[in-house]
Enquirer: 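One structure, pasted below without further comment.
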4 protein chains.
Amino acid sequence: MKTVLRRYAAILGNLRNTRDRFCGGYKENPSTMEMLQRAASIPHVTGIELVGSWDIRPNNVKEMKMALSDAGLTCVSIIPDLFAHKRFWKGSYSASNSGVRQLALDYTRKMCDIAGELNCKTLNIWPGQDGYDYLLCSDYERAREWLCESVGTLAIEFPEVQFALEYKPKEPRTHSYLARMADTLLRAQDTGRPNVGVTIDTGHAFVAVENVSEAIVLAKRAGNRLFHLHFNDNYTTTDDDMIAGMVHSVCYIEMLYWLDRCGYKGWFSMDQYPYRENAVNAIGESILWLRQFDCVVQKHRQQIDQLVAADDAVATSRFLRSVLFQC
Amino acid sequence: MKTVLRRYAAILGNLRNTRDRFCGGYKENPSTMEMLQRAASIPHVTGIELVGSWDIRPNNVKEMKMALSDAGLTCVSIIPDLFAHKRFWKGSYSASNSGVRQLALDYTRKMCDIAGELNCKTLNIWPGQDGYDYLLCSDYERAREWLCESVGTLAIEFPEVQFALEYKPKEPRTHSYLARMADTLLRAQDTGRPNVGVTIDTGHAFVAVENVSEAIVLAKRAGNRLFHLHFNDNYTTTDDDMIAGMVHSVCYIEMLYWLDRCGYKGWFSMDQYPYRENAVNAIGESILWLRQFDCVVQKHRQQIDQLVAADDAVATSRFLRSVLFQC
Amino acid sequence: MKTVLRRYAAILGNLRNTRDRFCGGYKENPSTMEMLQRAASIPHVTGIELVGSWDIRPNNVKEMKMALSDAGLTCVSIIPDLFAHKRFWKGSYSASNSGVRQLALDYTRKMCDIAGELNCKTLNIWPGQDGYDYLLCSDYERAREWLCESVGTLAIEFPEVQFALEYKPKEPRTHSYLARMADTLLRAQDTGRPNVGVTIDTGHAFVAVENVSEAIVLAKRAGNRLFHLHFNDNYTTTDDDMIAGMVHSVCYIEMLYWLDRCGYKGWFSMDQYPYRENAVNAIGESILWLRQFDCVVQKHRQQIDQLVAADDAVATSRFLRSVLFQC
Amino acid sequence: MKTVLRRYAAILGNLRNTRDRFCGGYKENPSTMEMLQRAASIPHVTGIELVGSWDIRPNNVKEMKMALSDAGLTCVSIIPDLFAHKRFWKGSYSASNSGVRQLALDYTRKMCDIAGELNCKTLNIWPGQDGYDYLLCSDYERAREWLCESVGTLAIEFPEVQFALEYKPKEPRTHSYLARMADTLLRAQDTGRPNVGVTIDTGHAFVAVENVSEAIVLAKRAGNRLFHLHFNDNYTTTDDDMIAGMVHSVCYIEMLYWLDRCGYKGWFSMDQYPYRENAVNAIGESILWLRQFDCVVQKHRQQIDQLVAADDAVATSRFLRSVLFQC
């Protein structure tokens, strides 16, 4: 059994207060530095993702750099805030309003500069407001073109940055422009740049009725474009952002196998929204589940190689029962 | 063609600012009285629903009564706020904590008193936080019992109030205790009181993969327990709270037919969440769609009587083409 | 740890050839007696369900009785064929055509007689064709009334038979009249007879977006009306009839816990449709999965009691990790 | 208003008997020539699609050619039967068994030859069995490679044939390899041939939770790869193959608009499975619905141009109400 290096991270914002459209806040509001300390306390976490504006701004880069260093944490990605500010309410890179598109571009450039200062090589781009709510209200062709142009421009200007496009089929819009792995790959290819790739958020993929393992294979075939991973779980119709492993099981085992087969070397980052749970513990649970699933994969890799070649559901069932707790 | 009286209403809160878990506010924050004036300006609206605490409190009942009177509006229902306050984050009537259950009960009693002062006969009960997020974390039997007990107690104490239980399968919890028409009817029957019934929110029913028309029939058979109606539309997996008629068409025609057949005499209330639309116009559109659909039903009632008896999809298709999107 | 008696069964037809609307047959066609021998060979199987007309008819009752006795199998239920014959293509008990309704009734009476001869106390009623495909084509009120009348009549005539109504939200119709636990309970109650209850098919419940555990509680509260259980698994949007445990895990653990808490004493019957798998092995796998899940429940019942009272997702996660996929 | 040429077709097999996994046949079994006459009798139908083996074989090409000519029908596409024969039960072009893959290739070559004889330029490829049912049973990477290789080989050998890949997310497998527009485009591009494109089946797209209009735009951007269209309707979770227009309305109006904007010049082919309806009438209804929707698009094209640029849901709602029946 070959040792596979795994590096675990968390998104700082996951430790923030939680809210929904009904309730303005289920918890308390910790400071950025309190959140950083809590994140650092989660077993196995060595990386952190920062949301632009919320966690990281031009005026706190130095402070953050030092704080990360003190906490022994690497900045794994910066996530520009293209979704929480009212000005992007009808889109950022694909907004009809050219001023808004320019603003999105300029803002992301600043985040790229900050990434450089923090030695962070990945920008995780989630343009959550880029989409539409009603039919017959949007020019899909023009919007798609604008989105590709913006990302392409950034990729040329910042060749050392990996732009990892995070797809999600819906929410906050009823339809998002980056909806699934395959359409996001088409857009990444449209830019013609090798530093444009994809982030899989497992929950987004479940809502998209994707098999994550197939998505991983697609990204490999399209030029090794899987840049980043966000882990969480849900009941497949809403992005519930739950503890990974509490709904799906076999699915995680399968995806860990395919990540290795497709040569993924990036981070395993937790992206939850623990509405009513203690965030440190809930994020910690996801990592512990993943480590258990991963152990199954590492220990039985050869057997799994045979199972995926054999196309025999009963044999796979027997194997899975054998690695379930024997009671 | 017999004239059927229709009375249209709106929920005051639909004119408020909108937000989601990402963005804290997409619009501006109007005052209660501004909202009331806007609601009154929507063509055909003669009734209003008020959310407890937000719109109506012991300290503004008199002012509200006068404002409604000045605006020529009837108070159609009061919706106790059992969903937006942190204290009910893990449930209200079914919370494990007995203090919280008592609080929910006492708070609703106050709302019943206010309803009396406003000559409002309906309490629209949406216990949105009563449910659960993860499996193996809740005692469904005990929770169900508590919920029935609380509602039953209120129904005995306020026999002149109609308690209309509004069901919804999920959001804000991943699973709600009042999920669909049939399980809500079982609970209404459990209370043993005739003044406990149900509110259909059309969008909640779509998410629940219910046919609203069947739900209407179920409520009739269970002792005429359809007390109230909320209209909106969505793409069937999320409660998008859109303009009614922008996604579903035939479905609304069918439900208007069955409402009459089952003798529904209550209000048609709009319940939308127009994230990025002008609320007055968006709510107005729903009413205009419903009036067009309703006109089809009133004009062709006899033909529809024949179609629902005939079980002939081609005949129904011909009829629908003759009344929809003719060019 | 108290020993809980479990009795496992299989539906004979699961061992038959498989087909879909595209392909007329994926396997070979064994004889009824071959199927019986194969069923008897599945470890832990001691009961069998027979489909009317296909497996059991007035002219083979004696032969079947002897064959079951020879194989050491109990006849657990008879499933009248209300779904595979063209004459019921638009419904059986609720068909618009009164001759068809009469036929359905008379045919079921024959099956009740046969049940008596086989000492089988349960009729598993799945009126799969009773529903509709298009909106505005059916009289839901009349259909519901007819269905209740028919079942009520049977329940009066055969008071020693348990009529277990099996619900399913769709397929073969786009909408079924017996769709979910709660609406089926309303219908069972409408008959006014204690010998009308419900069968949960776990896969049907998944497609209905039900939590099976809540369905079990509902049935208990409605007068202990859970009469029978069919086990299989799926991806929640189609009745894939897969090996139980290959998609859902926690869900089965939870439902086994609630079955005991609600006092279920009936059979655990496997109902799969192993399109491309060896049926004996695929059915056997389901039983082995259930036995593993069940062992977890029996061994840790007290801890689960505490977890469902505690409402703490992290604690439940810790527990589940300790019993699932440990490495 | 510019006249846009529309050509309507039907799939011959839609007029055949219907069945599902429960019932072996809901109707009677007409001969191929009877079906052809019935198809020719559907108003506006001038094209026909033939299913390989079932409708067209080397031994009936001449007869079919003459019959089509007599009926005044064009052969719009040939659909190789890669889904109904047991030998392809675990896949055709992507089967693990190399003999099966060879068989699929050779069989399709024969169908290409027949297409040549019938002056039919399109092969509609629906590899319905190419996919999987259980996780951890298949080598997605190898299967994808094999599928691309096979299609690429055919595209090189038959450069005058358009290979239109028809995607569908599930059924008969729980997961299909050609699942959605975007992943199918990736595969078409992988072949490196311009004569590999895509068929949109509107019902398959609904089940895939795609917006068909976006799929049309994607295909245009990927090199004008939308080759063919199949129309039908459903409730979005199952491929119900219903009359187009009986569930969705606005969606069809939008897609007709985008087909023109993206320069689609191909056929509008009906692909239904009228389980319990008269096939001629049910297919005819779909065409009549489409013509009504199309008339709206042709008459109001400029207004729709403005609406898709305006991003104003209320304006779109007003427009749609104005083209709905004014009652």
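Lettering of chains follows the sequences in order, A, B, ..., and the numbering in each one begins at 1. Just so you know, these numbers use all the heavy atoms, side chains as well, and skip hydrogens, waters and symmetry mates.
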Enquirer: Pick one of side chain, backbone, both or neither for D/L320, based on which atoms fall under 4.5 Å of a heavy atom in chain A.
Expert: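 The side chain, not the backbone.
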Enquirer: Which atom names give the shortest non-hydrogen contact between D/C137 and A/T316, and what distance separates them?
Expert: SG-OG1, 3.2 Å
Enquirer: Is it true that D/E214 and A/R144 have a side-chain N and a carboxylate O under 4.0 angstrom from each other?
Expert: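 Salt bridge: yes.
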Enquirer: Please look at D/L135 and chain A and tell me whether the side chain, the backbone, both or neither of the residue comes under 4.5 angstrom of a heavy atom of that chain.
Expert: both
Enquirer: Within the 4.5 Å heavy-atom criterion, are A/V209 and D/H175 side-chain neighbours or not?
Expert: no
Enquirer: Counting only non-hydrogen atoms closer than 4.5 Å, does A/D311 touch chain D with its backbone (N, CA, C, O), its side chain (CB onward), both, or neither?
Expert: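 Answer is both: backbone and side chain atoms of A/D311 are under 4.5 Å from chain D.
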Enquirer: Where does D/D305 contact chain A at under 4.5 Å (heavy atoms): side chain, backbone, both or neither?
Expert: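 Contact with chain A involves no heavy atom of D/D305 at all.
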Enquirer: Is it true that the side chains of A/N211 and D/Y140 contain a donor and an acceptor less than 3.5 Å apart?
Expert: yes
Enquirer: Under 4.5 Å from any heavy atom of chain D, what part of A/K170 do you find: side chain, backbone, both or neither?
Expert: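 Nothing of A/K170, per the 4.5 Å heavy-atom cut-off to chain D.
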Enquirer: Using a strict 4.0 Å threshold on nitrogen-to-oxygen distance, state whether A/E145 and D/R221 make a salt bridge.
Expert: yes
Enquirer: Is D/V217 in contact with chain A via its backbone, its side chain, both, or neither, using a 4.5 Å heavy-atom distance?
Expert: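 Contact with chain A: side chain only.
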Enquirer: Identify which part of A/D190 has an atom lying under 4.5 Å from any heavy atom of chain D, answering side chain, backbone, both or neither.
Expert: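 It is the side chain, since no backbone atom gets that close.
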Enquirer: When you check the gap from the basic side-chain N to the acidic O, do A/R261 and D/D139 get nearer than 4.0 Å?
Expert: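 The answer is yes: the pair qualifies as a salt bridge.
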Enquirer: Nearest 0.5 Å, what's the CD-CD1 distance between D/E141 and A/I216?
Expert: 11.5 Å
Enquirer: Below 4.5 Å from any heavy atom of chain D, which atoms of A/A179 appear? Answer side chain, backbone, both or neither.
Expert: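 Neither; nothing under 4.5 Å.
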Enquirer: For the candidates D/M181, D/E210, D/E254, D/K90, which exhibits the highest count of non-hydrogen atom pairs separated by less than 4.5 Å from chain A?
Expert: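 The answer is D/E254.
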Enquirer: For A/L136, is it the side chain, the backbone, both, or neither that has a heavy atom closer than 4.5 Å to a heavy atom of chain D?
Expert: both
Enquirer: Please classify the contact of A/S213 with chain D as side chain, backbone, both or neither, using a heavy-atom distance under 4.5 Å.
Expert: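 Both backbone and side chain.
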Enquirer: What is the minimum heavy-atom distance between A/W258 and D/S138, and which atoms define it?
Expert: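 That closest heavy-atom pairing would be CZ2-O, 3.7 Å.
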Enquirer: Please flag which part of A/I304 lies under 4.5 Å from any non-hydrogen atom of chain D: side chain, backbone, both or neither.
Expert: side chain
Enquirer: Using a cut-off of under 4.5 Å on heavy-atom pairs, state which of A/L186, A/D183, A/V250 scores highest against chain D.
Expert: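 The answer is A/L186.
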